[in-house]
Amino acid sequence: QVQVVDSGGGSVQAGGSLRLSCAVSGRPLNYYSVGWFRQAPGKEREFVAAIQWFGGDTIYGDSATGRFTVSRDNATNTAYLQMNSLKPEDTAVYYCALGALQSTYERFYKYWGQGTQVTVSS
């Protein structure tokens with residue numbers, strides 16, 4: 001059974017950085033593309049970034065482009081989301097998800113982490 005555990009969230013001031021981790025067990029990470037999504041209070045969940053299962057190609061949502069970097073370490077079965085220049089509007093619960101395809105759409109991801117809270121204060 002595949003398990004996904006998100007971690008690394010916390011509280012930071014605007015302009016700060018955080019690195020989120022996505023630890024996968026039960027199956028090698030290199031079987032999957034990894035997506036990151038977030039959901040702010042009262043809003044729908046939105047796409048943040050994704051990295052393909054082979055080749056490492058990445059895509060980013062508008063809110064992440066230029067500030068966030070998604071990466072993966074297949075040797076340790078862990079994916080990462082490095083977030084720099086954080087803004088108060090980045091406050092949300094962040095989710096890691098695994099899927100067969102790299103996509104901006106939630107429906108293409110099968111396994112989800114429990115989420116990790118990121119709070120950015122001004």
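The hydrophobic clustering, which links ILVMFWY residues whose side-chain heavy atoms are closer than 4.5 Å, places Tyr80 and Tyr95 apart. Residues Tyr31 and Val70 share a hydrophobic cluster, clusters being chains of Ile/Leu/Val/Met/Phe/Trp/Tyr side chains in contact below 4.5 Å. In this structure, Trp112 is a member of the same hydrophobic cluster as Val93, with clusters built from ILVMFWY side-chain heavy atoms closer than 4.5 Å. Tyr60 and Val34 fall within the same hydrophobic cluster, where Ile, Leu, Val, Met, Phe, Trp and Tyr residues are linked whenever their side-chain heavy atoms come under 4.5 Å apart, directly or through other members.
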Checklist line | side chain to side chain contact (heavy atoms under 4.5 Å, CB included) between Val2 and Lys110, intermediate numbers included | finding: CA-CA 10 Å; Val2 177; Lys110 182 175 182 179; over 6 Å; no
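In terms of heavy atoms, Trp36 sits closest to Ala79 at CZ2-O, 4.2 Å. Taking each heavy atom of Leu101 and Phe108 in turn, the nearest pair found is CD1-CD2, 4.3 Å. Shown here for Val48 and Tyr94, the closest heavy-atom pair between the two residues is CG2-CE2, 4.3 Å. Of all non-hydrogen atoms in Val120 and Thr91, the two that sit nearest each other are N-OG1, 2.9 Å. Taking each heavy atom of Cys96 and Asp6 in turn, the nearest pair found is CB-OD1, 2.9 Å.
Side-chain atoms of Thr104 and Phe37, non-hydrogen and from C-beta on, never get closer than 4.5 Å to each other. A heavy-atom distance below 4.5 Å is found between the side chains of Met83 and Val118.
Checked against side-chain hydrogen bond (donor to acceptor under 3.5 Å, both in side chains), Ser71 has no partners two or more places apart in sequence or in another chain. Residues that satisfy the side-chain hydrogen bond (donor to acceptor under 3.5 Å, both in side chains) test with Tyr32, not counting sequence neighbours, are Arg27. With sequence neighbours excluded, the residues forming a side-chain hydrogen bond (donor to acceptor under 3.5 Å, both in side chains) with Asp73 are Thr76, listed by chain and number. Remark: Ala50 pairs with Phe47, Ile59, Gln102, Tyr109 by the side chain to side chain contact (heavy atoms under 4.5 Å, CB included) rule, at least two apart or across chains.
Rounded to the nearest 0.5 angstrom, Ser33 OG and Arg72 CZ are separated by 6.5 Å. The CG atom of Asp57 sits 8.5 Å away from atom CD1 of Ile51, with the distance rounded to the nearest 0.5 Å.
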Which donor-acceptor pairs under 3.5 Å do the side chains of residues 11-25 make with protein atoms, sequence neighbours left out?
{"from": "Ser17", "atom 1": "OG", "to": "Asn84", "atom 2": "OD1", "distance (Å)": "2.9"}

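The side chain to side chain donor-acceptor pair (under 3.5 Å) analysis of residues 40-55, with sequence neighbours excluded, yields the pairs Arg38-Glu46, Arg45-Glu106.
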